[in-house]
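Here the structure is laid out as structure tokens; the discussion comes afterwards.
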2 protein chains.
Amino acid sequence: MAKIDIHTLAEVLNISTSTVSRAFRNTNDINPETRKRILEKAAELNYQPNHYASNLREQKSKTIAVIIPELANNYFSQIIQGVEKVAKTAGYHILIFVTDDDIQKEREFMRSLSNGRVDGVVMSASGEATDHSYLNNIESFGFPLILFDRIYEEVGVPKIITDDYNSSYHATQHLIDNGCERIAYLVVNKEQSIGKTRMQGYVDALKKNRIPIRKRLIVDCTNSYEENAVIIEHMIEVNHPDGILASVERLAFSTYQVCQSMKLQIPQDIKIAAFSSLEIASLLNPPLTTIKQPAIKIGEKAASLLLEKLADENPKQTHQEFVLESELMIRDSSLKGSY
Amino acid sequence: MAKIDIHTLAEVLNISTSTVSRAFRNTNDINPETRKRILEKAAELNYQPNHYASNLREQKSKTIAVIIPELANNYFSQIIQGVEKVAKTAGYHILIFVTDDDIQKEREFMRSLSNGRVDGVVMSASGEATDHSYLNNIESFGFPLILFDRIYEEVGVPKIITDDYNSSYHATQHLIDNGCERIAYLVVNKEQSIGKTRMQGYVDALKKNRIPIRKRLIVDCTNSYEENAVIIEHMIEVNHPDGILASVERLAFSTYQVCQSMKLQIPQDIKIAAFSSLEIASLLNPPLTTIKQPAIKIGEKAASLLLEKLADENPKQTHQEFVLESELMIRDSSLKGSY
DNA sequence: TTGTAAGCGTTATCAT
DNA sequence: ATGATAACGCTTACAA
């Protein structure tokens, strides 16, 4: 181990700790020669300024937290990619927190982070649309927060969302245009921000087309593949939808599986469109029509906004809302007459 | 902000800082009443012990680093899932470092972590099999390291790998059994641990079957989808393989795309098997035969090993190698007569 | 059971 | 350009 600290290094060099410290910072009140000597010796002895001591002293960590509901999800993996990429270029590191869709954990994470562990946080919420009282005094947390995707509307922080309502509306209209009359909407939590918004787009598109809204076609699913397979199969058997709009990717996969096992043909027997940022949607059988969210971009944007705030001396309490565009990628799974 | 520290809290309660400190640790040399009073007040004032001060004092961080070559990769996402899950249950957090396949960055990360930032590291290497001199004195880094998947053979730390050689051998044999005689091997870096081992399995299976090894069928690819498409298309045009073994998932996707655009039928014209932990391989068109690595399990195992080391008072310098089994999931993409 | 005080390894301020 | 010293906020002997 032989951990070497600034004192021993200073001693070896017959120099003071302050000078050593200076050598590592880009200040110019140090003799270039001296700096060179110090850095060389440091490399030789493998000295690294202690991160915790520095942070304690400087009151910042060059670290940002990413709080997300789950990790087993292509969408959030891509979010992390985006955040990581931007953070890295600014010399920041990322710390990952997964709430497992539990708002208690979310709150605990947020609270525990008030200890200065990170300089800021980007988060996709786990709670329901209105359930965020713990964030009432966001300033008191002592760090900037950026919300993305699953947001709490009333919290006064910058937010990044996609145009979920429109996307959902258009995807539904697209299914209708392709002959669907009984479209099911699959959702994990219809009370939560995105599940709710997407449902509204679906509902309004049906209304606009004078198609009755059937409660039984709005299906609450879970986070378990097995359970969802059962739920979806049952729903199909009982309600015979001719179209399906999946509010998250995973539900489309389950539907594909169910259709395979029920020997239902997509899109002949049932058409499908799904919110998804899957890159290989076109390789599926059949190619899946997706509402493609720019997940990586969302991550990048969230990180950029956060870094901006961190760079800003006295950041105003903005709560701007940034809307990124999703793209409806029409593929065979939703097309009439593509067979 | 109004950050409150242990002193002010102590003052408010008319009590000493040590007592406050004790209230937060599970020690019993404190009056339960006092503790209760303290914790209540702390909650009220939203006091959180400063993480960096604690860490500095205790010389540990309850944080582990995950160093991986890339994030835009289903395999590594699953690794992170596994690590995160295990870490969380032990109260650890994870810090992510992405090297972009650059061994310089890997070395810098490792070096910088010697500053006590994390208690331990799990890593999948970015360098080539022999290129790890910087790890010669692993003890001097001052933290335990676990290597997984892309390992450096000679480094004396615990390693977790899958039975790549056998998997590759069997997958190749499987392609041969299904009538392939000109099997191409797609690899990103054939000098690197896994690319190399997997190639060996491929080569030996060919030899065993007295099929000549053709250099031109061993194809170096890159990390770019676009470039790979070009490379693979060119290779197919020139060398007319009737089978393909992809050493990483991404190369199989590119092959699917190329086949689509070249109007080649899988598996009729060309059969494919790939190393991949993709969960929806069976939904592809056609379903993709995979050598399915237990990515999440690998992550879990790596984390468990690390935590064991961390719990151990004086960990012996073990360098055990754990081999997890991959599973050959035979699907249509590699089958003769499944059409 | 509680308090006092030293120290974890830095960096910033002030002197020199 | 360099050095001495006092924080940063916490934990833990040791003392009471």
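Every value quoted in this text rests on a predicted model; they were computed, and no experiment measured them. Only this structure's heavy atoms are used, side chains among them; waters, hydrogens and symmetry mates stay out. Every chain is numbered from 1 and lettered A, B, ... according to where its sequence line falls, protein lines coming before strand lines.
- Side chains of Tyr152(A) and Asp131(A): no donor on one and acceptor on the other come within 3.5 Å.
- No hydrogens or angles considered: nothing links the side chains of Asp5(A) and Tyr47(A) as a donor-acceptor pair under 3.5 Å.
- dC10(D) atom P lies 15 Å from atom CZ of Arg117(A), rounded to whole Å.
- Summarising the geometry, the separation between CG on Asp29(A) and C1' on dG3(D) is reported as 12 Å, rounded to the nearest angstrom.
- Note on Thr19(A): every side-chain N or O is 4.0 Å or more away from OP1 and OP2 of dT2(D).
- Screening Val121(B), Val83(B), Val86(B) against Ile64(B) for a side-chain contact (heavy atoms from CB on, under 4.5 Å) leaves a single residue, Val83(B).
- No donor-acceptor contact under 3.5 angstrom links the side chains of Arg117(A) and Ser61(B), judged on distance only.
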In the 5'-to-3' direction, what one-character label does each nucleotide of nucleotides 6-16 of chain C receive under the scheme B = base within less than 4.0 Å of a protein heavy atom, S = sugar-phosphate only, - = no such atom?
BBBBBBB----
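- Straight-line distance from the CD1 atom of Ile30(B) to the P atom of dG3(C): 9 Å, rounded to whole Å.
- Between the C1' atom of dC8(D) and the NZ atom of Lys60(A) lies a distance of 13 Å, rounded to the nearest Å.
- Asn28(A) comes within 4.0 angstrom of sugar-phosphate atoms only, judged by non-hydrogen atoms across all strands, and of no base.
- In this structure, Lys301(A) satisfies the cation-pi test against Phe322(A), with its NZ or CZ atom closer than 6.0 Å to the six-membered ring centre and inside 45 degrees of the ring normal.
- No donor-acceptor contact under 3.5 angstrom links the side chains of Ser21(B) and Ser18(B), judged on distance only.
- The closest side-chain donor-acceptor pair between Tyr134(A) and Glu106(A) falls under 3.5 angstrom.
- Between Phe109(B) and His93(A), the ring-plane angle classifies as perpendicular under the 30° and 60° cut-offs.
- Note on the helix from dT1(C)-dA16(D) to dT16(C)-dA1(D): terminal axis deviation equals 30°, with five pairs used at each end and the result rounded to 10°.
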